[in-house]
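Everything quoted here is computed from the prediction, not taken from an experiment.
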Amino acid sequence: MNHATSRAPIGAIAAAALACLQPGIDPVFLTLLSDAGGLDPDAHGWVVGATQGGMAAGALLVWRFGAKLPAHIAARAALAATALALLTAVLDAGLSALLLTRALFGTATGIVYTDAMSGAAARRPTTAYAAVFLTQLLLSALVALVLPPVAHAAGPRVALALLAAPPATAALIAAPLNPRVRERDPGVAGASPVSAAAWALALATIAFIAATMMIWSSAAALAIASGIAPDTIGVAVSAGSVIGAATALAVLRDRRVVPLPLTGVLASGGLLAPLVLTPPGQSGPFVAGILLLNIGSTAIIIRCSGAASAAGDGALFRRFVACTHPLGMIAGPLIGAALVGVAGSAGLVAGAAGALALGCAALVVAARQAAVFSQVQKNLFGPA
């Protein structure tokens, strides 16, 4: 297959973007949830953790058993997510019931995302991941603008009920798609240098996503501690979504001007920016830091995900690459919170820097493994 000329299926891209919409709208969603049912803001982290944990579980299920699951599992899971989103809007049975509902919702969306994303990444994977990120960011910005006025006019429960529309749309998109091609899932025993490079790229993807989530989940707290107004935080988040979408659009062209290891180093600098650009009472540097974080995170995650999918062997590994996203999203906040609890802000800085260093090291290993394989190919078969 010529990855340079083939195109990723639009339906799979749209379904994947809708399935991963929730993390992009969590601040608005959690506010509505508290307004509707009096949820204590201190419990917001538990709700996000339950949803992301469920998404990781759904992704792992598709990774390991994707070839054995029903062909239209994505459409069925999207319908389940629709029902669970509606249940969230009317549920008033305590925190435990809410956490269970959101965990099941996350599991359903994790199945949809991993199934759809692995299918989309079968052709031009970097372009596919960039298209999904671009669509998700634009949808997140739109939903974040629409829901507050709806809640003001019709009440927060009505606004929450509207969040059943994304999974319902994903179900409609996924239902008519052709059943997934049943590729034989190769084992990883006796992995070749190319397989080693693919695993290194997948590790880098997890590391960069985890670092992003460590910093992102703590950015608002750092800003508040520095005396930056909540309105400024909202502006920074909105502007970050816009600049992230622009970055995804740039990466969508898949023109690899900057080597991937160097991209990792540059992106790491952007990711660390909010940790150093939060001087007391100065909003400008903080906004700049959030913009740099979104640029660096979007660029490196798209490129790592696309490169890992391209270097892997078959459907099993593509599903694993898609799986790295929810895994990194659940690992990052948990590790970050633990480090802050142990060592405060210094622990957060150390953890984020360590994750970024791991990601950059994995990119170097991947590049070296790919170079070794290329040289072996030339020695055995001559120049291409």
Side-chain angles (χ1 to χ4, degrees), residues 3 8 13 16 20 23 56 59 63 113-114 117-118 120-134 136-137 193-216 244 247-272 292-313 316-332 352-371:
H3 291 289
I13 288 173
C20 67
W63 169 42
Y113 175 75
T114 307
M117 191 68 249
S118 61
R123 302 176 178 181
R124 296 192 68 183
T126 299
T127 298
Y129 275 100
V132 169
F133 269 57
L134 174 63
Q136 190 259 10
L137 286 165
V194 169
S195 296
W199 284 109
L201 288 165
L203 174 61
T205 304
I206 294 177
F208 284 116
I209 293 174
T212 297
M213 294 307 297
M214 280 186 212
I215 300 167
W216 181 253
T247 304
L249 185 60
V251 181
L252 184 69
R253 302 175 67 185
D254 199 13
R255 294 185 178 179
R256 302 166 189 175
V257 178
V258 181
L260 192 50
L262 179 56
T263 302
V265 173
L266 296 174
S268 296
L271 281 163
L272 291 172
L292 289 172
L293 180 147
N294 277 272
I295 292 171
S297 173
T298 302
I300 193 60
I301 293 172
I302 289 173
R303 288 202 61 191
C304 282
S305 302
S309 295
D313 184 13
L316 178 65
F317 196 80
R318 285 203 312 275
R319 292 197 299 269
F320 176 71
V321 175
C323 193
T324 62
H325 288 215
L327 289 176
M329 291 178 70
I330 188 64
L356 292 172
L358 175 61
C360 290
L363 292 182
V364 172
V365 170
R368 294 187 63 179
Q369 291 289 343

> Between Trp199 and Phe320, how do the two ring planes meet: parallel, tilted or perpendicular, split at 30° and 60°?
Replying inline: tilted
>> Working note: Thr205 + His325, criterion side chain to side chain contact (heavy atoms under 4.5 Å, CB included); need CA distance, chi angles, decisive distance, verdict.
In response: CA-CA 8 Å; Thr205 304; His325 288 215; 4.0 Å; yes
Using every non-hydrogen atom in the two residues, find where [X] and [Y] come nearest and quote the distance to one decimal.
X	Y	result
Ala120	Ile13	CB-CG1, 3.9 Å
Gln136	Cys20	NE2-O, 2.9 Å
Ala322	Tyr113	O-CE2, 3.5 Å
Ala211	Leu356	CB-CD2, 3.6 Å
Ser309	Pro125	CB-CB, 3.6 Å
Gly332	Met213	CA-CB, 4.1 Å

Are the side chains of [Y] and [X] in contact, using a 4.5 Å heavy-atom criterion?
X	Y	result
Leu327	Cys323	yes
Leu271	Ile215	yes
Ile209	Thr212	no
Ser297	Trp216	no

>> Let's go through Leu363 and Phe208 carefully: what are the C-alpha distance in whole Å and the side-chain angles of both, what is the deciding distance for side chain to side chain contact (heavy atoms under 4.5 Å, CB included) to 0.1 Å, and is it a yes or a no?
In response: CA-CA 11 Å; Leu363 292 182; Phe208 284 116; 3.8 Å; yes
> With sequence neighbours left out, what residues match Ala248 under side-chain contact (heavy atoms from CB on, under 4.5 Å)?
Replying inline: Phe133, Leu134, Thr298, Ile302
> When rounded to the nearest 0.5 angstrom, what is the spacing between CD1 in Ile295 and OG1 in Thr247?
Replying inline: 5.0 Å
>> Working note: Leu260 + Leu201, criterion side chain to side chain contact (heavy atoms under 4.5 Å, CB included); need CA distance, chi angles, decisive distance, verdict.
In response: CA-CA 10 Å; Leu260 192 50; Leu201 288 165; 3.6 Å; yes
> Any sub-3.5 Å donor-acceptor pair from Gln369's side-chain atoms to Ala196's backbone N or O?
Replying inline: no
